[in-house]
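If you scroll down you'll find the structure; I have some questions about it.
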Amino acid sequence: MDNKMALVPYDYSAVWGLQKFHKSSSVYHFANHTIQIKQNWRQLGVAAVVWDAAVVLCTYLEMGSIDLQGRSVIELGAGTGLLGIVATLLGAHVTITDREATLEFLKSNVQANLPPDLQPRAVVKELTWGRNLGNFSPGKFDFIMGADIIYLEDTFADLLQTLEHLCSEHTVILLSCRIRYERDQNFLGMLKGRFSVREVHYDPSKDVRVFRAQKSIHKEDF
């Protein structure tokens, strides 16, 4: 698998409507904090901009549908780190992961946006899906989160392997995405083959859905 597949620096001049991604930073307000996220589209591509799916999942978390206080969370494909930062501000202990090439950029956003007393609750680590999974204890996390991480079909099998490794029966997976293409439906089908899955939130203004998935002891019941 290509180590740079998540760092695709699209030809931005050919992509319509993505001007906001070329800003050097974006500002958000979550959990009674102002969060300023650095972006770097030109050097790191899709991994270094904030996508609507991250904003929608942060909004869902802030709505209080789930209690993150004291819970253990891992974010996959964190990119800019916005989701992991918000989860930390909402009380979780968060392992924020992405590929090696993005880690310094990711760490800089995390450090800049968390108060010193909360920084020990957020750990940035390298995780390439399907590789060296032994570095992460199976079943350690209460929640696994990912925002707009299902855009490359070549990664689907590795992502599913990673989710299965990290999950126990109590672990809840929260994935936010747009369902735009056949590949998106294909991934949902693959996910439903291994987990019980349901849609828990939809933002019509951004056309982003949040899905909740969980291992089932009796998968045939779903």
Side-chain angles (χ1 to χ4, degrees), residues 1 3-9 21 25-26 28 30-31 33 35-41 43-62 68 71-114 118-133 135-136 140-152 155-156 158-160 162-163 165-167 171-178 208 210-211 213:
M1 186 168 56
N3 281 335
K4 296 182 180 179
M5 65 172 60
L7 309 176
V8 182
F21 297 142
S25 66
S26 293
Y28 303 90
F30 288 108
H33 284 74
I35 303 168
Q36 183 164 344
I37 296 292
K38 290 189 296 184
Q39 300 190 131
N40 193 340
W41 175 279
Q43 288 191 0
L44 295 174
V46 299
V49 295
V50 177
W51 295 89
D52 285 344
V55 177
V56 171
L57 187 46
C58 288
T59 301
Y60 175 74
L61 296 180
E62 195 174 43
L68 291 180
R71 309 301 287 276
S72 177
V73 173
I74 185 168
E75 182 186 3
L76 305 181
T80 63
L82 175 63
L83 177 58
I85 290 166
V86 171
T88 305
L89 292 172
L90 290 171
H93 297 268
V94 187
T95 301
I96 306 173
T97 72
D98 211 321
R99 293 168 175 269
E100 180 69 34
T102 69
L103 291 190
E104 288 306 312
F105 171 78
L106 177 54
K107 285 178 184 176
S108 68
N109 271 330
V110 172
Q111 292 171 356
N113 286 287
L114 288 178
L118 294 186
Q119 291 199 15
R121 295 216 313 247
V123 177
V124 175
K125 292 186 69 172
E126 190 273 336
L127 173 55
T128 299
W129 304 337
R131 297 186 181 179
N132 300 318
L133 296 180
N135 294 334
F136 297 84
K140 173 183 176 182
F141 300 99
D142 299 308
F143 293 93
I144 301 170
M145 300 184 187
D148 217 350
I149 62 172
I150 62 170
Y151 57 92
L152 287 173
T155 67
F156 289 178
D158 291 327
L159 174 54
L160 286 169
T162 301
L163 291 173
H165 173 81
L166 294 172
C167 276
T171 306
V172 172
I173 302 167
L174 293 172
L175 299 176
S176 61
C177 61
R178 283 195 178 101
V208 170
V210 177
F211 294 93

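The shown structure was predicted, so the numbers you read here are calculated from the model rather than taken from an experiment. Heavy atoms only: backbone and side chains are in, while hydrogens, waters and symmetry mates are out.
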For Thr171, all residues meeting side-chain hydrogen bond (donor to acceptor under 3.5 Å, both in side chains), sequence neighbours excluded: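 Checked Thr171 against side-chain hydrogen bond (donor to acceptor under 3.5 Å, both in side chains); matches are Ser168.
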Which atom of Ala53 lies closest to which atom of Val208, heavy atoms considered: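 Looking at all heavy atoms of both residues, the closest pair is CA-CG1, 3.8 Å.
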With sequence neighbours excluded, residues passing side-chain hydrogen bond (donor to acceptor under 3.5 Å, both in side chains) with Ser108: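 Expected list: Lys38.
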Residues in side chain to side chain contact (heavy atoms under 4.5 Å, CB included) contact with Glu104, at least two apart in sequence or another chain: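 By the side chain to side chain contact (heavy atoms under 4.5 Å, CB included) rule, Glu104 matches Lys107.
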Contact check, side chains of Ile37 and Ile85, non-hydrogen atoms, under 4.5 Å: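 Result yes, sub-4.5 Å side-chain heavy-atom pair found.
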Min side-chain heavy-atom separation Leu61-Met145 under 4.5 Å: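 With C-beta onward as the side chain, the pair touches.
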Student check: side-chain heavy atoms of Phe211 and Cys177 closer than 4.5 Å: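 A side-chain contact under 4.5 Å exists here.
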For Gly77 against Asp98, the heavy-atom pair lying closest together: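 Gly77 and Asp98 have their closest heavy atoms at C-OD2, 3.4 Å.
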CZ on Phe156 to CD1 on Ile149, rounded to 0.5 Å: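 It is 10.0 Å, given to the nearest 0.5 Å.
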Test item: Leu68 and Thr88 side chains (from C-beta on) under 4.5 Å apart, heavy atoms: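 Side-chain contact under 4.5 Å: no.
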Gap between atom CG of Leu127 and atom CD of Glu100 - 0.5 Å precision: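 Atom-to-atom, Glu100:CD and Leu127:CG are 11.5 Å apart.
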CD1 on Ile150 to OG1 on Thr155, rounded to 0.5 Å: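 Output value for this atom pair is 9.0 Å.
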Pairing residues for Arg71 by the side chain to side chain contact (heavy atoms under 4.5 Å, CB included) criterion, not counting sequence neighbours: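 Result, side chain to side chain contact (heavy atoms under 4.5 Å, CB included) vs Arg71: Asp142, Phe143.
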Taking every non-hydrogen atom, the tightest pair across Ala92 and Arg121: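 Nearest pair, atom of Ala92 first, then Arg121: O-NE, 3.3 Å.
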Gap between atom CG of Leu76 and atom CG of Leu166 - 0.5 Å precision: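 The CG atom of Leu76 is 6.5 Å from CG of Leu166, to the nearest 0.5 Å.
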Distance, nearest 0.5 Å, that separates CH2 of Trp51 from CG of Asp148: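 Going from the CH2 atom of Trp51 to the CG atom of Asp148 covers 6.5 Å.
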CA sep, side-chain torsions, deciding dist, call: Arg178, Asp52, salt bridge (Lys or Arg N to Asp or Glu O under 4.0 Å): CA-CA 9 Å; Arg178 283 195 178 101; Asp52 285 344; 2.8 Å; yes
Salt bridge (Lys or Arg N to Asp or Glu O under 4.0 Å) pairs, two or more places apart, involving residues 73-94: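 Every candidate salt bridge (Lys or Arg N to Asp or Glu O under 4.0 Å) pair involving residues 73-94 fails, so no pair, neighbours aside, qualifies.
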Validation row: Val50, Tyr28 side chains within 4.5 angstrom (heavy atoms):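 Sidechains of Tyr28 and Val50: in contact.
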For Cys58, side chain to side chain contact (heavy atoms under 4.5 Å, CB included) partners two or more places apart: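 If we apply the side chain to side chain contact (heavy atoms under 4.5 Å, CB included) test to Cys58, skipping adjacent residues, the hits are Phe30, Leu82, Leu83, Val86.
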Min side-chain heavy-atom separation Leu174-Ile144 under 4.5 Å: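 Leu174 does not reach Ile144 side chain to side chain.
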Verdict with supporting geometry, Leu114 and Leu89, side chain to side chain contact (heavy atoms under 4.5 Å, CB included): CA-CA 8 Å; Leu114 288 178; Leu89 292 172; 3.8 Å; yes
Partners passing side chain to side chain contact (heavy atoms under 4.5 Å, CB included) against Thr95 (at least two apart in sequence or in another chain):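 By the side chain to side chain contact (heavy atoms under 4.5 Å, CB included) rule, Thr95 matches Ile74, Thr97, Lys125, Phe136, Phe141.
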Student check: side-chain heavy atoms of Val110 and Ile96 closer than 4.5 Å: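 Side chain of Val110 against side chain of Ile96, heavy atoms only: contact under 4.5 Å found.
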Results of side-chain hydrogen bond (donor to acceptor under 3.5 Å, both in side chains) for Gln111 - residues two or more places apart only: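 So Gln111 forms no side-chain hydrogen bond (donor to acceptor under 3.5 Å, both in side chains) with any residue.
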Test item: Val94 and Val123 side chains (from C-beta on) under 4.5 Å apart, heavy atoms: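 When only atoms from C-beta onward are counted, Val123 and Val94 do not touch, as no gap falls below 4.5 Å.
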Where Leu103 and Val124 come nearest, the two heavy atoms and their spacing: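 That closest heavy-atom pairing would be CD2-CG1, 3.9 Å.
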Residues in side-chain hydrogen bond (donor to acceptor under 3.5 Å, both in side chains) contact with Glu126, at least two apart in sequence or another chain: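 If we apply the side-chain hydrogen bond (donor to acceptor under 3.5 Å, both in side chains) test to Glu126, skipping adjacent residues, the hits are Thr128.
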Residue pair Leu57 / Gly146: nearest heavy atoms and the distance that separates them: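 Looking at all heavy atoms of both residues, the closest pair is CD2-O, 3.9 Å.
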CD on Gln39 to OG on Ser26, rounded to 0.5 Å: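 Going from OG on Ser26 over to CD on Gln39, the span is 3.5 Å.
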Taking every non-hydrogen atom, the tightest pair across Cys167 and Ile173: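 Answer, listing the atom of Cys167 first, then Ile173: SG-CD1, 3.6 Å.
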